[in-house]
Amino acid sequence: MSEFLRCGRFRLDLRQPVVMAIVNVTPDSFSGDGHDRHFDVALRHAERAVTDGAAILDIGGESSRPGAEPVSEQEEMDRVLPLLERIVDWEVPVSIDTVKPGVMRAAVAAGASMINDINAFQMAGALEAVAASDAALCVMHMRGKPQSMQLDPEYSDVVVEVRDYLMRQKDRCLEAGIAADRVTYDPGFGFGKSLAHNLALLRALPDLVPLGPLLIGVSRKSMVGAITGRPVGQRLAGSLATALMAADRGASIIRVHDVGETVDALRVRAAVLFDK
Ligand code: 7PJ
């Protein structure tokens, strides 16, 4: 198992789980902290994430909330590129959360260290857009499309189907000439999955570890709301519980809104487990 991720000019140490900070530049963000495209607010948010201990920042310009409206390529670039250009020289890798090959090309040209695609680089030209760069990839499983994915997701065995899908995407990456130590895998919590599917996947994360480094996004998601009965602004405790359980089951990168709190939780875990 590779303990480092090649990630642009960085080499991300994954021997212990690290935190990826969500930095939304969308006016209609999933979790109520989208910044209405206000560059300065997003920038403050990114600065704070770094001081709070984020190992990588994930900038998103298109909401993938179930039912959200798609944005144009130009609009998405206008949201994410100014922020990327402003922070690209910081000593922390910057990921861009996008499904669009045009945005990917512009992002890697501007120095993005990772492309995080909830659509697993399925759009024509997406994989090629990143293959030619030195950026890392996050390949995520999604069933259906964000507009309709939560209507009635069905699987005969969600763990097997997600694992097989991610294995096929791994082969695609390798065939495109992308080195295995540039790719991370994500079961895609909440993307075309019922609560039972999400729980089965979290339980079975160890089955996915052989693929490569796992990236996990559960922060404030509806699965936490469904379990706790809490609205999106009150899901921190539930989200921290999922972060720790994901770490215990082999996750390498935990994608979250609440960076400082998650870093603290992982530090306590590390102290107990490894005496440090
Ligand atoms: C995920 C994501 C996730 C990855 C979003 C939200 C919805 N990218 N982008 N994994 N979720 N890789 O953050 O609540 O789970 S958008």
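Just so it is clear, the values below take in all heavy atoms, side chains as well, and ignore hydrogens, waters and symmetry mates. In each ligand, atom 1 is the first atom listed, and ligand 1 is the first ligand listed. Since we're looking at a predicted model, the values are computed, not measured.
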Show the numbers, then the answer: is there a ring pair (Phe, Tyr, Trp, His ring centres under 6.0 Å) between Tyr155 and His197? CA-CA 8 Å; Tyr155 300 84; His197 296 142; 4.6 Å; yes

In terms of atom number and element, which parts of ligand 1 are under 4.0 angstrom from non-hydrogen atoms of [X]?
| X | result |
| --- | --- |
| Met140 | 3 (C), 4 (C), 10 (N) |
| Gly217 | 15 (O) |
| Leu215 | 12 (N) |
| Asp186 | 3 (C), 4 (C), 10 (N), 12 (N), 15 (O) |
| Cys138 | 12 (N) |

Do any N/O atoms on [X] end up under 3.5 angstrom from N/O atoms on ligand 1?
| X | answer |
| --- | --- |
| His257 | no |
| Asp58 | no |
| Asp97 | yes |

Contact between Gly188 and ligand 1, counting heavy atoms under 4.0 Å? no

For atom CZ of Arg11, decide whether the heavy atoms of other residues, nucleotides or ligands shown that lie under 6.0 angstrom number more than 12. no

Heavy-atom distances under 4.0 Å decide this one: backbone, side chain, both or neither, for Lys221 against ligand 1? side chain

Just heavy atoms, cut-off under 4.0 Å: does Ile118 contact ligand 1 by side chain, backbone, both, or neither? side chain

What I'd like to find out is whether the side chain of Met104 reaches to under 4.5 Å of the side chain of Val130, using heavy atoms alone.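 When only atoms from C-beta onward are counted, Val130 and Met104 do touch, with a gap below 4.5 Å.
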
Under a 4.5 Å cut-off applied to non-hydrogen side-chain atoms, are Ile87 and Leu43 in contact?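 Answer yes - side chains close enough.
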
Pair [X] + [Y], salt bridge at N-O below 4.0 Å:
| X | Y | value |
| --- | --- | --- |
| Arg143 | Glu161 | yes |
| Asp97 | Arg255 | yes |
| Arg269 | Asp248 | yes |

Compute whether any side-chain donor of one residue and acceptor of the other, for Thr98 and Glu62, lie under 3.5 angstrom apart.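 Looking only at side-chain atoms, Glu62 and Thr98 do not form any donor-acceptor pair under 3.5 Å.
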
